[in-house]
Amino acid sequence: MQQDVKQLEELIEQIDALHEEAVALEQKFTPAVELVHPEFRKSAQNLLHYLSLRKHDMRNLQENLSQLGLSSLGRAEGHVLASLQAVRNQLCLLSACAPAEKELAVSFFENSVLLEAHTEALLGPKPEKRNTRIMVTLPGEAAEDYDLLLRLIKAGMNCARINCAHDNEKVWLRMVKLIHQAEEETGVKCKILMDLMGPKLRTGPLKEGPKLITIRPAQNNLGQTTEAANVWLAPPDAPPPVNMDAWLPVKAEWVAQLRENDTILFTDTRSRKRSFSVLKKEANGVIAHLFKSSYITTGMKLRIKNKAVAERTTEVGELPPTFAPIILKKDNLLVLTRELIPGEPALYDDQGHVVKPAHISCTLPEVFKQVKEGQPILFDDGKIEGKIMEVSKDSIVVKITYASPTGSKLRDDKGINLPESKIRLKGMTEKDKHDLKFVARHADIVNFSFVNYVEDVEALHHELNELKADNVSVMLKIETKEGFRNLPHLLLACMKRYPAGIMIARGDLAVECGFLRLAEVQEEILWLCEAAHMPVVWATQVLETLAKKGRPSRAEITDAAMAQRADCVMLNKGPYVVQAVEMLHDIMVRMQEHQHKKTSMLRSLQVSDMEALQE
C-alpha cells in the first residue's frame with residue numbers, strides 16, 4: 001500500500017513539473033503572445049504549453065497513467081493545462097491529497113469552440129452533412145467552363161483554389177466571376193483561395209525544337225482506335241470549343257469554304273497519308289475528326305478532296321514549338337547553369353562517348369552560393385535523384401544516382417529540391433508582390449508558398465497592410481524541411497492576423513523530408529496546429545488517380561479517409577474531379593461517425609452477426 005501511495009505521489013510530482021514548465025514557457029514568450037491577434041491569444045498560449053509538454057519523452061508516464069485507468073495525455077493537444085489538471089485531480093482522489101485548481105488557458109469545452117470558430121472564419125460555414133471542407137484546384141479551362149464550376153459547387157466544393165503559377169490575371173478574373181455566378185445560382189458560399197507562386201527552385205527553359213503537334217486518337221490495348229480525335233480548324237484568333245484534342249490555325253477564307261462531311265487530305269511528317277473528316281461547322285471554324293495518329297508541322301499543306309472551291313489548298317499556320325526533354329539515366333552527368341541558357345541533352349561522338357554532358361539552367365541563381373559538394377539534389381518531385389559533384393559560381397555538376405531504368409525525362413519548369421542544403425531564399429518574389437494586388441481585390445485567402453522563416457510571414461503581412469487588404473486571410477503552405485522545422489515560430493507569426501491557416505503540401509514535403517518520414521511529419525503538423533486551434537488543409541494527391549483517370553486506387557480511399565482528420569482536404573484538377581469531390585464527400589460523411597481528429601468515435605459496429613454473439 002505504501003508503495004502505491006509513493007507511486008501516486010511521484011506521478012503527481014511529474015504532472016506538477018510539466019504544468020510549471022508549460023506556464024514558464026508561456027511567460028518566456030509573453031512578448032510574442034501579446035503580438036498575436038486577440039482571437040488567437042488563448043490558442044497561442046496553449047501552443048506554447050503543448051511545445052513544453054512535447055519536449056519530454058512521455059511514454060513511461062503514459063504507461064503508468066494507463067495502468068491506473070487514467071488519461072494518458074494522448075489527446076491533450078487542444079487543452080494542455082486542462083488535461084494535466086484533470087489527471088492530477090484523479091491522482092489526488094486515489095492518494096487522498098487535496099486537488100489544486102489552477103488557472104487554465106483553454107478548457108476542454110473551449111478547445112472545440114475555438115477550433116470551430118477559427119475554421120469557420122477562414123473557410124466559411126460548416127457544410128450541411130460533414131465537418132471537413134473540400135478545396136479544389138481549378139484548371140485554366142474553368143475560366144470558360146461555367147458548367148464545371150456549377151457542378152463542383154453542387155458536388156460539395158467549399159473553396160476554389162487558383163494557382164498564380166499558371167495562367168494570368170485575365171483568366172483568374174474570369175474564374176472569379178464564374179465562381180460568384182455559381183454561388184448565386186446555388187445559394188452556396190464558396191471561398192476563393194489564391195496561391196502565390198513563391199520562390200520555388202525550378203528547371204529553366206529547354207532548347208526549342210520543331211514547331212509540331214502530335215494528334216493521337218484514343219486507342220485500346222490492342223492499338224485499335226476507339227474514339228476519333230477532335231480537331232479545331234480555324235483562324236489563329238478563333239479559340240477552340242471545349243474538349244478539343246488539337247487546334248490547327250488556318251486562313252479564314254479557306255476554312256469558310258468547308259462544309260460538314262468534307263474530307264481534308266494531308267501527308268504528315270512521316271510521309272503517312274492522312275485525312276480529316278469535317279464533323280460540324282461553327283461560326284469561326286470547323287470541328288473535324290481524325291482517326292489515325294498524325295504528326296503535323298507549321299506550313300504543312302491541307303487539301304480539300306474532290307470539291308470545286310476557289311482555294312482548295314492551304315498551309316497550317318504557326319504552331320507552338322516543341323521542347324524535347326532531357327533523358328537521364330543512373331550515373332549520367334547533368335550540369336546546372338546559372339545563366340538562363342536553353343537546356344540540351346548530352347552530346348555524343350561516333351563511338352558513343354559523351355563529348356558534352358546534358359545541361360539545364362535553374363530559376364534561382366542564389367543557390368550557387370549556398371550548396372556544397374556531396375549534398376543530394378532531387379528533380380521533378382523526386383523522380384530523379386542526384387549528388388552534387390562540383391560547385392562553381394556559374395555551374396553545378398550533378399551525378400544522377402537514381403532514375404528510371406529506361407531513362408527519366410527532365411523537362412522545363414520542374415521542381416528542384418535540396419533537402420540537406422540551408423538555402424535562404426527571399427520569401428516574396430517580385431511576381432508575388434505583383435500578383436498580390438490582384439489577390440487583395442478578388443480573393444478571400446492568400447496561400448503563401450515555400451514559407452520558411454518568420455521574416456517571410458512578416459513580409460507578406462507588410463504587403464497586405466500596404467494594400468489595406470484586411471479582408472484577406474493568410475494560409476501558410478508548409479512544403480520544405482526548413483518550414484517544418486520552424487513551424488512553431490511560423491504559427492506564432494501567422495497568428496498576428498485573423499483568421500489564418502496551414503496547408504500541408506505533402507508532395508514537396510515528401511521529397512524534402514523523405515517519403516519514409518512523410519507520415520510522421522504530417523502527424524506532427526496536425527498535432528501542432530490542433531494545439532494552436534489552427535485550421536489545417538490536407539493537400540496533394542488525394543484521390544488523384546480518380547480525378548485524373550476515373551478510378552481510385554485502394555490506397556487512395558484509405559488516404560482520403562485519414563484526411564478527414566484535417567479541417568479541409570484539397571483535390572487537384574483532373575477530367576474526373578467532380579466525381580472525386582462526390583466520392584470524397586461520401587467518405588468524409590461516413591468517417592466522421594468513426595473519428596474526430598485523433599479520437600475514435602465508438603458508434604455501434606455494423607457487423608451482421610452481432611445479435612448472434614450476444615445470445
Side-chain angles (χ1 to χ4, degrees), residues 200-207 209-210 212 214 216 218-223 270 293 295 322-337 342-362 371 373-391 395-421 479 481 506-519 540-541 544-556 559 572 574:
K200 182 167 185 177
L201 182 60
R202 296 178 180 271
T203 54
L206 292 167
K207 187 176 181 180
L212 171 145
T214 304
R216 292 187 176 91
Q219 295 181 328
N220 60 21
N221 292 334
L222 298 175
R270 304 164 299 165
S293 296
Y295 292 73
T322 56
F323 298 91
I326 296 172
I327 308 298
L328 295 170
K329 296 183 178 180
K330 188 175 183 295
D331 296 327
N332 284 170
L333 292 181
L334 174 68
V335 179
L336 291 179
T337 63
E344 295 179 282
L347 182 64
Y348 296 88
D349 62 18
D350 295 338
Q351 285 74 44
H353 300 125
V354 176
V355 175
K356 184 180 180 182
H359 68 86
I360 196 166
S361 62
C362 64
V371 298
E373 293 179 12
Q375 290 179 334
I377 183 169
L378 301 98
F379 302 91
D380 193 9
D381 290 336
K383 294 183 180 70
I384 303 170
E385 299 178 12
K387 181 179 180 181
I388 296 174
M389 307 303 292
E390 298 178 21
V391 180
S395 65
I396 299 170
V397 178
V398 176
K399 183 177 181 180
I400 302 303
T401 57
Y402 173 80
S404 169
T406 57
S408 296
K409 297 177 180 180
L410 182 61
R411 304 181 187 273
D412 65 312
D413 199 37
K414 293 301 179 183
I416 302 175
N417 292 86
L418 296 155
E420 293 184 12
S421 306
E479 50 196 325
K481 185 183 289 187
R506 301 187 301 163
D508 278 290
L509 261 182
V511 176
E512 286 269 325
C513 300
F515 287 87
L516 297 178
R517 281 206 67 207
L518 177 61
T540 313
Q541 294 185 323
E544 183 155 329
T545 307
L546 171 58
K548 290 186 176 179
K549 298 182 180 180
R551 186 177 179 87
S553 68
R554 293 174 179 83
E556 284 180 336
D559 179 61
N572 274 327

Can you check side-chain contact (heavy atoms from CB on, under 4.5 Å) on D508 and K200, steps first, answer last?
CA-CA 10 Å; D508 278 290; K200 182 167 185 177; 3.5 Å; yes
Nearest heavy-atom contact between L201 and C362 is CD1-CB, 4.0 Å
Please give me the minimum heavy-atom distance between L206 and D412, naming the atom from each residue.
CD1-N, 3.7 Å
For S395 and L336, indicate whether the former's side chain and the latter's backbone hold a donor-acceptor pair under 3.5 Å.
no
Compare every heavy atom of R216 with every heavy atom of S293, then report the nearest pair and how far apart it is.
OG-CG, 3.7 Å
State whether the side chain of T203 and the backbone N or O of R411 hold a donor-acceptor pair below 3.5 Å, judged by distance alone.
yes
E385 side chain to T401 main-chain N or O, any donor-acceptor pair under 3.5 Å?
no
Rounded to the nearest 0.5 Å, the CG atom of D380 sits from the OG atom of S408 at a distance of 8.5 Å
Within the supplied structure, the quantity of interest is the number of heavy atoms (other residues, nucleotides, ligands) at a distance under 6.0 Å from R554 CZ; does it exceed 12?
no
Would you say the side-chain atoms of N417 pair up with the backbone N or O of P419, donor to acceptor, closer than 3.5 Å?
no
Judged by atom type as modelled, is there a donor-acceptor pair below 3.5 Å linking the side chain of E556 to the main-chain atoms of E544?
yes
Nearest heavy-atom pair of G407 and I327: which atoms, and what distance?
CA-CG2, 3.9 Å
Taking atom CZ of R202 and atom NZ of K414, what is their separation to the nearest 0.5 Å?
8.5 Å
Take atom CZ in F323; do more than 12 heavy atoms of anything else shown fall under 6.0 Å from it?
yes
To the nearest 0.5 Å, how far apart are CD in E344 and NZ in K207?
4.5 Å
Separation between CD1 of I400 and NZ of K387, rounded to the nearest 0.5 Å
13.0 Å
At what distance, to the nearest 0.5 angstrom, does CD1 of I326 lie from NE2 of H359?
7.0 Å
Identify the heavy atoms of E512 and E479 that sit nearest to each other, and give their distance.
CG-O, 3.6 Å
Donor-acceptor under 3.5 Å (K356 side chain, L347 main chain):
no
Could you walk me through whether I388 and L418 pass side-chain contact (heavy atoms from CB on, under 4.5 Å), step by step?
CA-CA 10 Å; I388 296 174; L418 296 155; 4.0 Å; yes
From CA spacing to verdict: side-chain contact (heavy atoms from CB on, under 4.5 Å), L334, L410:
CA-CA 11 Å; L334 174 68; L410 182 61; 3.8 Å; yes
Calculate, to the nearest 0.5 Å, the distance between atoms CG and CG belonging to L333 and L328 respectively.
10.0 Å
Stepwise side-chain contact (heavy atoms from CB on, under 4.5 Å) check, Y348 with V354
CA-CA 4 Å; Y348 296 88; V354 176; 3.4 Å; yes
Is the backbone of P210 close enough, under 3.5 Å, to the side chain of T322 for a donor and an acceptor to pair up by distance?
yes
Write down the atom of R506, the atom of Q541, and the distance for their closest heavy-atom approach.
NH2-C, 4.3 Å
